[in-house]
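A short worksheet on the structure shown next.
Convention: sequence-line order gives letters A, B, ...; per-chain numbering from 1. Heavy-atom basis, side chains included; hydrogens, waters and symmetry copies ignored.
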2 protein chains.
Amino acid sequence: MATIRDVAKTAGVSIATVSRVFNGNTAVNEDTALQVWAAASALDYWPNGAARSLTTNRTSTLGVLLPDLYGDFFSEVIRGIDQLAKREKYQTLVSGSHASVEDVLAATRAMRGRIDGLVMMAPDSITVESVARIRRRLPVVLISPPFAVDGCSSVSIASFSGARAAVAHLVGLGHREIAMVAGPAGNVDAEERLRGYRRGLLEAGIQPRDEFVVQGDFRESSGYAAAAALLDRRPRPTAVFAANDCMAIGLMSALGNAGLSVPHDVAVVGFDNITMAQYMRPPLTTVHVDAYALGQKAVRLMLDTLADPEGGKVTVQTIDVILKVRSSCGARPAVATNTPAGPETNQQR
Amino acid sequence: MATIRDVAKTAGVSIATVSRVFNGNTAVNEDTALQVWAAASALDYWPNGAARSLTTNRTSTLGVLLPDLYGDFFSEVIRGIDQLAKREKYQTLVSGSHASVEDVLAATRAMRGRIDGLVMMAPDSITVESVARIRRRLPVVLISPPFAVDGCSSVSIASFSGARAAVAHLVGLGHREIAMVAGPAGNVDAEERLRGYRRGLLEAGIQPRDEFVVQGDFRESSGYAAAAALLDRRPRPTAVFAANDCMAIGLMSALGNAGLSVPHDVAVVGFDNITMAQYMRPPLTTVHVDAYALGQKAVRLMLDTLADPEGGKVTVQTIDVILKVRSSCGARPAVATNTPAGPETNQQR
DNA sequence: TTGTAAGCGTTATCAA
DNA sequence: TTGATAACGCTTACAA
């Protein structure tokens, strides 16, 4: 494997000159540069990134830590991260499935010296605990943190307001017995959605009832299971708000099997607007979250931090959500026609 | 930031000893080791990966190059890769969206010195062209290559046999006018599926007709657009095989809008079995591809290569597919009941 | 404009 | 069992 020294020898210059040519910041005689390029391509020379970052203390790589890599939502977040990072000449070192503080620390430690900053999704207090130690050595940007962390910029999802809007919409359709399939305890988005649900009810003058809230875990199977529990309640709920689409889909599937029609017997609203939502029969009303933008914003904040490391400027952003009304809640979309001209466009960028 | 030297000083030993303690291969006096551990944790010392890989020539990182990061299929591949890599103490440097040879080379070059090997999805001859040059410096494992590449292990999808089985199934249901929405030209899986479709017809004594094949691009919108073209054909096809699920879904959506019923008027079969397929109404019959296993196998092959770099053992694997019969093709599942007990389990591992 | 040489933080080879 | 010290491949003062 050719090194900078080989190139220097072949081109008849010093290694410093080769380095200058490759970095393009210092002036180099044009002829000399041509010789260097020629030698480099003759030897098929590729600079060694590890060696480079050892001296420069920069890696052009962003670490990405996610709780999981499963499903549409995370995959969109990653895509957003990757795309912007790539455009800004950064690479991404990805790692999924981190449950404990030790997991997170181990993963981060393994990245030491290989990344310039860490973008981390830390939706519960368990994972976010590790951040304090990491923060001392690396810039960290958090996605959906349960609380503000010193010195970390972050992007959150407007879960509270989204949930409130979803409930308000159901109320507007005349529903009073509105149940919820909640997300995992400790997860900040799950809890914010639950809080938004309760607030939405209160604002409509409806007293939230504990027995109308069934605990789920964001997975489809827990939505499926929730149906049985909710159908036993008296009065029986006429509408259900699920803390995410996966659970809403499981729920709809169970309702169908129980011989109930959505939205006629039970209205259903989800959260996230994953691709699948629009293809459900009936199409799922849900709160749209732009996961791609979420990933992009996180990277943007990281780039800002990296550009001004001592600035200590901390930005806390929230990504807005919007209720996407489809027919699973019994309302008709604003468009008059019943047969749309084509599939809804995906959020391809 | 504490370095090995700081630890050595604090522990009152040489840097060599610290290194030995951290790598655990050479014998070190137990008391000395304890001192080193104490010093290291007091200083919160994390070894620098770049420095380490500069001397060892190993990075414990795998590069992953994908054409795109969009959708269920790729996300499952990544998950398979990440999970196995992680279990084997490797990190993953991911990069998506590579269209041209230059793109691929640039991305790979940027990884130089940061990865031990490259797992690359190269479904067309354009992307695979770059491999020869990369192969000289790095072990490469290919996913779905259009042809065998010297010195590269690879995993392919059994696209041909899957397509043939899909068509055979339609034939078995009595269909004779079977159309196809093909994938992008140049993509090996698209072409194998087309070949399998033709073979399936021939084996049933049906002459394939060019006008029954509509070109798509693997995206939903192209499936949607294909419907119009196919409905114009005379005789009108009674069944359509789409080269992937996204296009099948777009197609179904268009058929519905045209007032046609699936499977009564037109039977539809897809390919991939993405999560959404089971939730379509009617649920989509499709050829199941275990994308998670695909990713895992690729990593396994890479680890084999890495374990025996000079061995030059090249393994070419194919991942089997299986027809998943649901109701979009008009057949009933083997199970007697019409209302399954729960959602189909996802391929969570 | 170019070259020399001193690091960067490790591991690995020798001696001791 | 330990310690000096020479790499590893690069960037970057500083000097020429």
Using a cutoff of under 3.5 Å, can you pull out all pairs of nitrogen or oxygen atoms linking the protein to nucleotides 1-5 of chain D, with atom names and distances?
residue	atom	partner	partner atom	Å
D:dT1	O3'	B:N29	N	3.4
D:dT2	OP1	B:T32	OG1	2.3
D:dT2	OP2	B:N29	N	2.9
D:dG3	OP2	B:S14	N	2.9
D:dG3	OP2	B:S14	OG	3.2
D:dG3	OP2	B:T17	OG1	2.7
D:dG3	N7	B:R20	NH1	3.3
D:dG3	N7	B:R20	NH2	3.3
D:dG3	O6	B:R20	NH2	2.5

Checklist entry - Taking for each residue the nucleotide of DNA chain C bearing the nearest heavy atom, is the 5' side occupied by B:A50 or by B:N25? => result B:A50
Checklist entry - What is the nucleic acid contact for B:N57, judged by heavy atoms within less than 4.0 Å: base, sugar-phosphate only, or nothing? => result nothing
Checklist entry - What's the CG-C1' distance between B:L54 and D:dC8, to the nearest Å? => result 4 Å
Checklist outcome for this item: In whole angstroms, the gap separating C1' of D:dC10 from CZ of B:R114 amounts to 12 Å
Checklist entry - Earliest and latest nucleotide of DNA chain C, 5' to 3', sitting under 4.0 Å from a non-hydrogen atom of chain A? => result C:dT1 to C:dG9
Checklist outcome for this item: From CZ of B:R112 across to P of D:dG9 the rounded distance in Å is 8 Å
Next on the checklist: Heavy-atom count check: over 12 atoms from other residues, nucleotides or ligands less than 6.0 Å from A:N57 CG?
Outcome noted: no
Checklist entry - Under 4.0 angstrom, heavy atoms only, what part of the nucleic acid is A:S19 near: base, sugar-phosphate, or nothing? => result base
Item to check | Shortest non-hydrogen contact between B:R300 and B:E88, atoms and distance | outcome: NH2-OE2, 3.5 Å
Checklist outcome for this item: Between A:F22 and B:A51, the residue closer to the 5' end of DNA chain D by nearest nucleotide is B:A51
Checklist entry - Quick one: are B:S95 and B:M111 in side-chain contact, heavy atoms under 4.5 Å? => result yes
Item to check | A:L303 atom CG, neighbour heavy-atom count above 12 within 6.0 Å | outcome: yes
Next on the checklist: I'd like to know if the side chain of B:T127 pairs up with that of B:D124 as donor and acceptor (distance under 3.5 Å, no hydrogens or angles considered).
Outcome noted: yes
Next on the checklist: Closer than 3.5 angstrom, by distance alone: can the side chain of B:D31 be matched with the main-chain N or O of B:L34 as a donor-acceptor pair?
Outcome noted: no
Item to check | Validation row: B:V299, B:Y90 side chains within 4.5 angstrom (heavy atoms) | outcome: no
Checklist entry - Can you list the residues that meet the ring pair (Phe, Tyr, Trp, His ring centres under 6.0 Å) rule with B:Y45, with sequence neighbours excluded? => result B:F22
